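In what follows, a structure is listed as structure tokens, so that the remarks can point back to it.
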Amino acid sequence: MLESRINELIMETELLKKLSTDPALWPYYMFLAGITIFILKIINAAADAATKHLSEKVKKRKGLLSLSKVAAQVVMISLVIYISNAFYWSRAIDQLVPSPTSKPINTCETTVEIVIESDDKGDTHFMDTGGYLAFVHNDQPLLITAAPDSWGRSIAPKEYMYRGIFRMDATDTAVGKSVDMLRQTQYVQVGFQHITKDYSLIRGKALCVINSEVRFEFSFPAQRTLDGKVFVRDLEFLEKLLR
């Protein structure tokens with residue numbers, strides 16, 4: 001319990017330090033103060049109206065009338081303070097502890113499985129031929145995951161599945177940029193080195209995990225490829241995740 005309380009005090013101290021020393025938040029303080037003053041004026045007007053209404057019923061009890069007015073003001077002011085604090089601290093905590101999609105990208109791993117039309121048989125680990133998955137904008141990669149090896153196995157007549165576990169390189173241009181920059185993605189591109197360039201994709205899917213926090217999965221539509229590349233252009237899943 002003591003350790004938990006100490007951690008809470010440390011967080012509160014850090015929050016107060018950040019909020020009091022960040023000039024970018026000062027306009028917000030002024031706005032909040034103005035709103036508070038405006039609401040207090042409304043409270044006083046409401047209290048006066050309530051007092052006038054009560055005065056008709058308690059004309060002979062002046063002490064009760066005064067007490068009723070004070071009680072109404074106290075209740076309303078307490079309510080305003082509570083709501084203001086809730087809004088203020090929730091916003092402050094969001095700034096101090098950002099959401100997973102606004103954090104910088106440090107790691108990214110994707111597991112990709114595609115099923116193509118093929119008569120190949122067997123279960124193989126291709127030690128020297130891997131693949132990649134890239135998020136692309138204006139034909140330039142925003143983020144690339146890749147691996148030097150891959151796997152393949154027959155799963156049904158004329159269906160052969162290729163599987164790759166791809167990771168982002170530590171020097172990738174996406175490192176340090178926020179996760180939500182992937183909102184710029186225009187299409188996702190996948191390729192496996194072992195597959196012939198001309199093939200028919202039956203189906204496919206990819207699971208992507210960024211920073212061990214942001215996880216999303218998407219599917220590849222059936223398509224015919226002549227250059228060994230598979231594309232996903234319907235990116236609604238990214239819009240929903242990063243909005």
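Note that this is a predicted model, so its numbers are computed, not measured. We number each residue from 1, following the sequence as shown.
Looking at heavy atoms from C-beta onward, L142 lies in side-chain contact with T185 at the 4.5 angstrom threshold. Residues V232 and F220 meet the side-chain proximity criterion, which asks for heavy atoms closer than 4.5 Å.
The side-chain contact (heavy atoms from CB on, under 4.5 Å) test applied to S219 returns no partner, not counting sequence neighbours. Partners of Q140 by side-chain contact (heavy atoms from CB on, under 4.5 Å), not counting sequence neighbours: none found. By the side chain to side chain donor-acceptor pair (under 3.5 Å) test, S154 is found to be paired with no residue, residues two or more places apart in sequence or in another chain being considered.
Not one N or O on the side chain of E113 forms a donor-acceptor pair closer than 3.5 Å with the backbone of R163. The closest donor-acceptor contact from the side chain of Y160 to the backbone of G152 lies under 3.5 Å. Between the H137 side chain and the Q184 main chain, a donor and an acceptor come within less than 3.5 Å of each other. S150 places a side-chain N or O within donor-acceptor distance of the main-chain N or O of T129, the cut-off being under 3.5 Å.
Side-chain polar atoms of Y132 and Q189 form a donor-acceptor pair below 3.5 angstrom. Counted by atom type alone, S178 and S102 present zero donor-acceptor pairs between their side chains at under 3.5 Å.
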Only pairs under 3.5 Å count here: list side-chain donor-acceptor contacts from residues 164-173, not counting sequence neighbours, and write none if there are none.
{"unit_1": "R167", "atom_1": "NE", "unit_2": "E109", "atom_2": "OE1", "d": "3.0"}
{"unit_1": "R167", "atom_1": "NH2", "unit_2": "E109", "atom_2": "OE1", "d": "3.4"}
{"unit_1": "D169", "atom_1": "OD2", "unit_2": "T171", "atom_2": "N", "d": "2.8"}
{"unit_1": "D169", "atom_1": "OD2", "unit_2": "T171", "atom_2": "OG1", "d": "2.4"}
{"unit_1": "D172", "atom_1": "OD1", "unit_2": "I144", "atom_2": "N", "d": "3.3"}
{"unit_1": "D172", "atom_1": "OD2", "unit_2": "A174", "atom_2": "N", "d": "2.9"}

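Here the shortest heavy-atom pairing between L201 and V115 reads CD1-O, 3.4 Å. Nearest heavy-atom pair, L241 versus T101, reported as atom, atom and distance to 0.1 Å: O-CG2, 4.0 Å. Minimum interatomic distance between C108 and I210 (heavy atoms only, all atoms of both residues): SG-CG1, 3.8 Å.
Every pair passing salt bridge (Lys or Arg N to Asp or Glu O under 4.0 Å) that includes a residue from residues 212-235 is listed here, sequence neighbours excluded: K103-E213, D198-R224. Listed by first and then second residue, the side-chain hydrogen bond (donor to acceptor under 3.5 Å, both in side chains) pairs that reach into residues 202-211 are E159-R203, sequence neighbours excluded.
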